[in-house]
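Only one structure is covered here, and it is reproduced in the block below.
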Amino acid sequence: MKKEHMTVGAIREIAHRIYEMKLFGTIATEVKMPGQFLHILPSHQLQPLLRRPISISHVNQEEKELTIVFRREGEGTTLLANKTPGDTVDVLGPLGNGFQVEEVSAGDSVLIVGGGVGVPPLYDLARALKEREANVTTVLGFENKEAMFYEKAFQSFGEVFVSTVDGSIGTKGFVTDVIQEKNISFDRLYACGPVPMLKALETNYPEAVGSLSLEIRMGCGIGACFACVCHVQGDASGHDYRKVCSDGPVFPWREVVL
Amino acid sequence: MKKEHMTVGAIREIAHRIYEMKLFGTIATEVKMPGQFLHILPSHQLQPLLRRPISISHVNQEEKELTIVFRREGEGTTLLANKTPGDTVDVLGPLGNGFQVEEVSAGDSVLIVGGGVGVPPLYDLARALKEREANVTTVLGFENKEAMFYEKAFQSFGEVFVSTVDGSIGTKGFVTDVIQEKNISFDRLYACGPVPMLKALETNYPEAVGSLSLEIRMGCGIGACFACVCHVQGDASGHDYRKVCSDGPVFPWREVVL
Amino acid sequence: MTALRVELPGLDMKNPIMPASGCFGFGEEYAKFYDLNVLGAIALKAATHKPRFGNETPRVAETPAGMLNAIGLQNPGVEKIVSEKLPWLEQFETPLLANVAGSQVEDYVETATVLSQSGKVAALELNISCPNVKEGGIAFGTDPDLAAELTRRVKAVSDIPVYVKLSPNVTDIVVIAQAVEKAGADGLSMINTLTGMKIDINTGRPLIANETGGLSGPAIKPIAIRMIREVRRQTELPIIGMGGITSVEDVIEFFLAGADAVAVGTANFINPYICPTLIKELEEWMEAKGYHHLRDVKRKGGWA
Amino acid sequence: MTALRVELPGLDMKNPIMPASGCFGFGEEYAKFYDLNVLGAIALKAATHKPRFGNETPRVAETPAGMLNAIGLQNPGVEKIVSEKLPWLEQFETPLLANVAGSQVEDYVETATVLSQSGKVAALELNISCPNVKEGGIAFGTDPDLAAELTRRVKAVSDIPVYVKLSPNVTDIVVIAQAVEKAGADGLSMINTLTGMKIDINTGRPLIANETGGLSGPAIKPIAIRMIREVRRQTELPIIGMGGITSVEDVIEFFLAGADAVAVGTANFINPYICPTLIKELEEWMEAKGYHHLRDVKRKGGWA
Ligand SMILES: Cc1cc2nc3c(=O)[nH]c(=O)nc-3n(C[C@H](O)[C@H](O)[C@H](O)COP(=O)(O)OP(=O)(O)OC[C@H]3O[C@@H](n4cnc5c(N)ncnc54)[C@H](O)[C@@H]3O)c2cc1C
Ligand SMILES: Cc1cc2nc3c(=O)[nH]c(=O)nc-3n(C[C@H](O)[C@H](O)[C@H](O)COP(=O)(O)OP(=O)(O)OC[C@H]3O[C@@H](n4cnc5c(N)ncnc54)[C@H](O)[C@@H]3O)c2cc1C
Ligand SMILES: Cc1cc2nc3c(=O)[nH]c(=O)nc-3n(C[C@H](O)[C@H](O)[C@H](O)COP(=O)(O)O)c2cc1C
Ligand SMILES: Cc1cc2nc3c(=O)[nH]c(=O)nc-3n(C[C@H](O)[C@H](O)[C@H](O)COP(=O)(O)O)c2cc1C
Ligand code: FES
Ligand code: FES
């Protein structure tokens, strides 16, 4: 965990309002697992004030290179999207706990489900699982064809299915529709995306083994401010909690209340 | 008077923390007299919030080119100094009333006195007066040698004397010391610089004919907010006022209370 | 355009956007940039009974996402305003909201009387943030009884609706709102500036000659939104919302909080075209959302 | 380093800079970035008598040059804080200022008693911004009598100095400061957050689950500076100043306003190294100015 000015490498718009950016710096050498994230300061002025959490999509340790993929949403991600190669950005990272790939064995059937900007952290997860010789299937959900990205990238790890809300490509509907339609079975399930998607998966697969990654509004990003807590499932006291930034953002299924 | 995105041309540091910048746009074609100013928005973020008043130093109407010279002071001028050619800046201008060169006749002895970043608006004034065949003498005051600029530029209009507070170049002391030392006499006196300098001139030359240009903290820059008013000399009611932004920034000697 | 029409007491506005008092003078400067007829209304610079020079300079200072001002109610006095400023404004069909200030109740009453009788303004806006000289400097706007008394006295002399402009420098703004409502206010304007200070670290002295100034601009928007929502929950009075508006998203946020119209202050200094720009963008936003009336926006905020 | 030393009641600080309560947890996270011994003091996250989960999420939202938070005093309860958090902090020589919260007087008294008797904290900081459940939700910090009563009761059980942390959501902060001074407060912390709100224009609902949140960050600095100067003029009590500090210039501005030490809150989230950075920069600034003691800075602000 480190605060560093990383250097921006290539940046390109890979889908409608979706940007892929390379960042160079020693933070890359500290990444331990897929699913960790960066806390990025988009500006050195007092506005916007706070850092933005963005997942690490891919690490190249030798090149000290990180890849992030983000949607141009509000002020912060717009400033980020306007960076040009050679610019520096103030980055805190790597933060949080990611996906434990050690729990997967060769030959396991693994289903990876990503929705929208929940897709990026799953990229290095899929790669790692493929390396562990798991049978990887990926289901990616997007708003529409224009917003789709990385569906080709995931094909190098296994079969890929896509759903779009408007049906402009792939199955019309949600990721859960694809899984049912294609009758996909799995030993392990990994997911990242909007909470309604995660909830639908939890409802449909109440016994799922694996983990999910959560998004929540953050302050510090390092566990100090308690902005990002969530309840723990089955906690009778009501006081038990997990911090998404430092305990997560990746949690086993059914550990936290979605 | 217009709000426009002007294009930044050449920008260079011409003295310690002093930048000269070219700006292109139709505002250049609307400049009426030397001493008018621009109200420049240094950032499109909410911080820094307000525009910065910067004098027009030189106009090239055909090229639609303005020259400004400013000191990197705080947040706003630092952002401005970091612009690169091709960037655009949001400019409101030309604003205010400048120096009335029509009041000067051929052969008049004119003394131009500038202090620090009060020097820039005097540049096109000197040029205009020279064109009217006045005998121009210029006295420029700076903190020290490193902060000195434009002393050569003014030489094309007449004799130039310099004072520095630390004596690192020219006469040690203030502009008033130079005028006394060199025994400079004049029919008309034009000045721009810190208020203490203007006050010293007013005290030393209580009969001076000509005008001075004032600096004051501004809001709107166009006469609407009443941030920039000053008292009128000899006003018994106490209610009389001038707005520096729209009545000034240039006033005849002894019109306003310094 | 009809989708943006708003009818408030005295103010028949073709859209809900007006410049805020003190940030637009008496309109002359901005008329050089655009036709003032496009505005929903115009809140005029404060009028006092006697002419006032106001405070010494510097009168403004910049702060993070905000600014301080201590203009000190500089104005030529209500008589001159009526004789010299309002006639020029009569060329526009835009309703005028005349801001009234003073340091004792009598000042307000005198000023309100003159403005109301002028036949040139559509409504009054009582600026109750001014310190009451008789009561030892307590601002009218911080004491519910003083605020109510002032409202009552002005209502008694005014033939036109009276909006009371609330100060945010209070423990409980709802109490003040309810007090002036009971006293007969026809509407509320909120919020005025928060008292702040900036010290120049080079001199060790406050940067504003008056020492303190009023904080405006985006920095105060969350406070304005909170207060408007608090007050909206407790009163049916129309609310003209203001405090930090710079974008159409901000305008919408004010409606969602419970405002019925909005005023734009500081942003005029940044962009002289801000009011017409926001009017255009609001219309576009409503069209894109399929909203037919501002009521649809307010309904989304939970207000029927 | 000696030039930066400050001695306040209970707090022997090697420099005047501490992290603010709630923005630094119990120090563990920031200890991964630097040695906490460099800090002048540490203001701990609020402790309550019973454990609290706090509010639902989202608990934070960004605003222009500021942020809203409604954490809701999440903490494991004072017993666990004393048994599980304070022992770890004992490895540092830095004095601890324990923030105390509650919803009735008895809660504060219980919590203060436990903390005072723990022998592990140097002073208490009473967070009087919490709503008093018994008095129907009026915050202790907005009523001078409640604030004084609370101070008196806590002073009665505390062997260590008691700082009272003032709420800025009041009409007259001087009245509250004077009330707690009379009630025996050893010092003041100011300011806590201003109540604000942000509405999500996509949902029409407040962005913070709790609806309102506390506004902190640079946006509120002018209000903090104004209030500290107002209070400094009327009391001799030491003041720990806070509200929007992000730079060494801000730190100096607080001293010029009348603060005796400063706390840094929100800025820790932007730059985890902010406190050590400010300590270093303050020292450099003083050296460059030829100041030998913080008194020299305060003198420049008009305070002897
Ligand atoms: C652990 C984690 C990983 C993430 N990874 C990615 C990623 O890889 N790619 C990607 O595109 N997005 C990701 N997000 C979401 C991303 O943080 C937001 O889209 C971004 O913060 C929006 O900032 P903005 O300034 O553009 O938007 P604004 O709406 O202007 O932001 C205002 C404030 O709200 C916060 N905020 C707004 N939306 C979100 C959100 N969805 N989650 C958390 N905070 C939010 C911002 O951080 C900021 O503080 C992730 C979020 C989390 C918590
Ligand atoms: C009519 C006029 C013409 C000017 N012409 C020039 C010029 O040609 N070259 C030049 O270098 N400077 C000029 N100045 C001064 C220039 O406006 C300030 O240096 C500049 O605003 C500082 O902004 P900042 O953000 O760097 O400093 P900051 O200190 O961060 O500014 C904070 C706020 O204070 C205001 N402010 C700070 N210093 C001044 C000042 N001296 N005068 C007015 N407002 C100030 C800023 O505009 C801003 O609102 C002129 C000022 C006026 C009024
Ligand atoms: C320079 C300036 C002058 C102001 N003068 C007045 C005034 O005369 N009367 C008044 O009621 N409010 C006055 N205000 C307050 C504004 O009308 C408005 O309530 C406040 O600035 C908040 O809105 P904003 O953030 O959009 O500026 C003034 C504000 C500024 C910045
Ligand atoms: C996330 C967060 C949590 C806070 N928690 C507390 C708290 O528990 N007790 C308290 O007295 N103040 C609390 N505060 C207020 C800060 O201590 C400080 O007074 C305020 O944030 C202003 O300082 P700043 O602008 O530097 O953040 C909290 C502030 C923030 C941002
Ligand atoms: S974001 Fe601060 S604790 Fe998680
Ligand atoms: S700056 Fe607004 S009137 Fe001059």
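Just the heavy atoms: all of them, side chains too, but no hydrogens, waters or symmetry mates, feed the values below.
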Hey, which of C:Pro76, C:Gly66, C:Gly72 has the most heavy atom pairs under 4.5 Å with chain B?
-> C:Gly66
Against chain B, label C:Phe33 side chain, backbone, both or neither, depending on which of its atoms sit under 4.5 Å from a heavy atom there.
-> side chain
Atom pairs (donor, acceptor) spanning chain B and chain C, under 3.5 Å:
residue, atom, partner, partner atom, Å
B:Gln47, OE1, C:Ala65, N, 2.8
B:Leu49, N, C:Glu62, OE2, 3.0
B:Leu50, N, C:Glu62, OE2, 2.7
B:Arg51, NE, C:Ile270, O, 2.7
B:Arg51, NH2, C:Ile270, O, 2.7
B:Arg52, NH1, C:Glu62, OE1, 3.2
B:Arg52, NH1, C:Glu62, OE2, 2.7
B:Arg52, NH2, C:Glu62, OE1, 2.7
B:Ala224, O, C:Gly25, N, 3.4
B:Phe226, O, C:Arg59, NH1, 2.7
B:His231, NE2, C:Glu56, OE1, 3.2
B:His231, NE2, C:Glu56, OE2, 2.9
B:His239, NE2, C:Pro51, O, 3.4

Output the distance between atom CE (B:Met218) and atom CZ (C:Phe269), rounded to the nearest 0.5 Å.
-> 13.0 Å
Contact class of B:Leu41 relative to chain C, heavy atoms under 4.5 angstrom = side chain
Search all heavy atoms of C:Val60 against all heavy atoms of B:Gly219 and return the closest pair with its distance.
-> CG2-N, 4.2 Å
Nearest 0.5 Å please: distance from the CD1 atom of C:Ile71 over to the SG atom of B:Cys228.
-> 8.5 Å
Could you have a look at B:Leu46, B:Ile216, B:Leu92 and say which one has the most heavy-atom pairs with chain C under 4.5 angstrom?
-> B:Leu46
Within 6.0 angstrom of B:Phe174 CZ, more than 12 heavy atoms from elsewhere = no
Under the side-chain hydrogen bond (donor to acceptor under 3.5 Å, both in side chains) test, residues paired with B:Asp166 that sit two or more places apart = B:Ser168
